[in-house]
Colleague: 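Have a look at this one before I ask anything.
Counting convention: from 1, in listed order, for ligands and their atoms alike. Counting from 1, the numbers follow the sequence of the chain as shown.
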Amino acid sequence: MIIYYEYYKAGKRMLKFKNGDLYIEDVKFSNIAKEFGTAVYVYSKNQIIKNYDAYKSVFSKNEGLICFACKTNSNAGVLKILSALGAGADTTSGGEIYRCLKAGFDPSKIVYAGVGKTSQEIEYALKSKILMFNVESIEELDAIDKIAGKLKVKAKIAFRVNPDVDPDTHSHIVTGKKGSKFGIAYEDAISAYMYAKKKKNIVISGVHSHIGSQILDAAPFALAAKKIKKIVDEIEKNGVKIEYVNSGGGLGVKYEKSQKALFPKQIADVIFPLYKDKKFIFEPGRSIIANAGHLLCKVVYRKTSGGKSFLITDAGMNDLIRPAFYEAYHEIIAVKRNKAKKVKTDVVGPICESSDFMGKDRMLPILKQDALLLVTCAGAYGAAMSSQYNSRPLLPEVLVEGRKVSLIRKRAGYEDLILNEA
Ligand code: LLP
């Protein structure tokens, strides 16, 4: 049985088969394809709310902030759901701050990380009155101090400390190991805080770490938390008060059967007991939106070559780059229940690259031309990382809530491809 169906039955996901048709909430995928065409990203609003609630429930009082890492999915329709739930936002660029403000996020709940914040971005963030900067180098701190001085404001900061912990995930998404470009080296963290303490326009507010993404084990979080606690103890002895402990994001989701998702409570359990008087920030991205979004596509052609079966779809690596980029696995389901014999199949896209595939060696029923396929669990880093490569217009995005279907991004056209070109 497919894992999505199992999950739906457990009440955790919003996909189900009814009379042979796959539904998201109360809407048939085949009807979405009819109305909006394919390929198309489809999200479940109730799944987003459920995932957010799992974070909310770890706070007993109003002692923390859930800052949605909007790099995972920055569609305005998605962001508006989260801002309405009271979420904050974790941003990585001026553009993300702009999107979040437009989507109604309270600026006092926005944090801003990133190793290369430009002076324009810093100025924009200060003028927008965000909660704090997660500072990744001393030169960046100097720049923030200078710009805050010019604007006659104080800038709240946390240092992003690299705790040198191996999160045991794909090498492209490890961030908290020695030698990574992210954050302040662990051994330099205390002196960085002592340096920041002397800056006139800087207010030290917190400590931040983010060790990586798609992490399925709580142990690296526990190790990182202990190492960060040592820094907090040491700097507080030296007269620096830390108000916020920000543990980043990184909680892994279940992409395949053999995996077990990591839940917010497992992380809270290893961090909260370390402190008596702190506010906590989490920056979840994937664990809020991955299993709420799916890429619906259509079989354009079928062929066999070199003894292999291929399904060629209208979604390509420009629409979902994760399989090509991270060798990521996304379960692929035929949207109509199908009793046909299953054969080993490569599901590939139309792009001129050998790495353009959604899945390789998948056991899928023999499908007809125009059959619909769902590339599941693609809500995080799917649409957000898509591009127009091969001059393919960006896909539409649709939000489902019960029986209600809303278009939250319209399909781009050929004219959009050349819009800003001379
Ligand atoms: N906070 C910071 C500072 C981050 O850099 C990230 C993600 C997050 C929070 C959210 O992490 P999450 O909860 O989503 O794991 N494109 C890759 C993942 C890149 C992660 C980048 N940083 C992928 O598709 O797997």
Colleague: Donor-acceptor pair, K109 side chain versus G86 backbone, under 3.5 Å?
Modeller: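 Yes; judged by distance alone, with no hydrogens or angles, the pair exists.
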Colleague: Considering both backbone and side-chain atoms of G248, is one of its nitrogen or oxygen atoms within less than 3.5 Å of a nitrogen or oxygen in ligand 1?
Modeller: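 Between G248 and ligand 1, no N or O pair is found under 3.5 Å apart.
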Colleague: What I want to find out is whether E234 reaches K230 closely enough, with some N-O distance under 4.0 Å, to be called a salt bridge.
Modeller: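 No, this pair does not count.
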Colleague: So, do S57 and K265 sit near enough that their side-chain heavy atoms are less than 4.5 Å apart?
Modeller: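 Not in contact.
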Colleague: Considering only heavy atoms, does Y326 approach ligand 1 within less than 4.0 Å through its side chain, its backbone, both, or neither?
Modeller: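 Side chain only.
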Colleague: For ligand 1, find out whether one of its N or O atoms is nearer than 3.5 Å to an N or O atom of S287.
Modeller: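 Such a contact does not occur with ligand 1.
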Colleague: Give the atoms of ligand 1, by number and element, whose distance to some non-hydrogen atom of T72 is under 4.0 Å.
Modeller: 14 (O)
Colleague: Test E25 against S44 for side-chain hydrogen bond (donor to acceptor under 3.5 Å, both in side chains), laying out the working first.
Modeller: CA-CA 7 Å; E25 301 208 14; S44 152; 2.7 Å; yes
Colleague: Report yes or no: does a heavy atom of P284 sit under 4.0 Å from some atom of ligand 1?
Modeller: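 For ligand 1, residue contact (heavy atoms, under 4.0 Å) with P284 is present.
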Colleague: Examine distances only and state if a side-chain atom of K154 and a backbone atom of K200 form a donor-acceptor pair shorter than 3.5 Å.
Modeller: yes
Colleague: Looking only at distance, does G250 have an N or O less than 3.5 Å from an N or O of ligand 1?
Modeller: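 Yes; at least one N/O pair falls below 3.5 Å.
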Colleague: Enumerate the atoms of ligand 1 whose separation from the nearest heavy atom of A69 is less than 4.0 angstrom.
Modeller: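 Once the distances to A69 are compared, the set is 8 (C), 9 (C), 10 (C).
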Colleague: Cation-pi check for Y275 against K229: NZ or CZ below 6.0 Å from the six-membered ring centre and within 45 degrees of the axis, yes or no?
Modeller: yes
Colleague: Return yes when atom OH of Y98 has more than 12 non-hydrogen atoms of other residues, nucleotides or ligands closer than 6.0 Å, and no otherwise.
Modeller: no
Colleague: Does R286 approach ligand 1 within less than 4.0 angstrom via side chain, backbone, both or neither, non-hydrogen atoms only?
Modeller: both
Colleague: Any nitrogen or oxygen of H208 lying under 3.5 Å from a nitrogen or oxygen in ligand 1? Just yes or no.
Modeller: no
Colleague: Within ligand 1, which atoms have a heavy atom of G249 less than 4.0 Å away?
Modeller: 9 (C), 13 (O)
Colleague: Who gets closest to atom 11 (O) of ligand 1 by heavy atom: H210, Q214, R160, K71?
Modeller: H210
Colleague: Would you mind running through ligand 1 and noting each atom that sits below 4.0 Å from a heavy atom of M385?
Modeller: 16 (N)
Colleague: Show the atoms of ligand 1 that are less than 4.0 angstrom away from any heavy atom in G285.
Modeller: 12 (P), 13 (O), 14 (O)
Colleague: Could an N or O of ligand 1 be found under 3.5 Å from any N or O of D90, whether backbone or side chain?
Modeller: yes
Colleague: Is any N or O atom of E283, backbone or side chain, closer than 3.5 Å to an N or O atom of ligand 1?
Modeller: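 Yes, at least one N or O pair falls under 3.5 Å.
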Colleague: Ring centroids only, cut at 6.0 angstrom: are F280 and F59 within range, meaning strictly under it?
Modeller: no
Colleague: Count the heavy atoms belonging to other residues, nucleotides or ligands that lie under 6.0 Å from NZ of K56, then report whether that count exceeds 12.
Modeller: no
Colleague: Backbone, side chain, both or neither: what part of T92 comes under 4.0 angstrom of ligand 1, heavy atoms only?
Modeller: neither
Colleague: Are side-chain heavy atoms of V153 and N201 found at a separation under 4.5 Å?
Modeller: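 With C-beta onward as the side chain, the pair stays apart.
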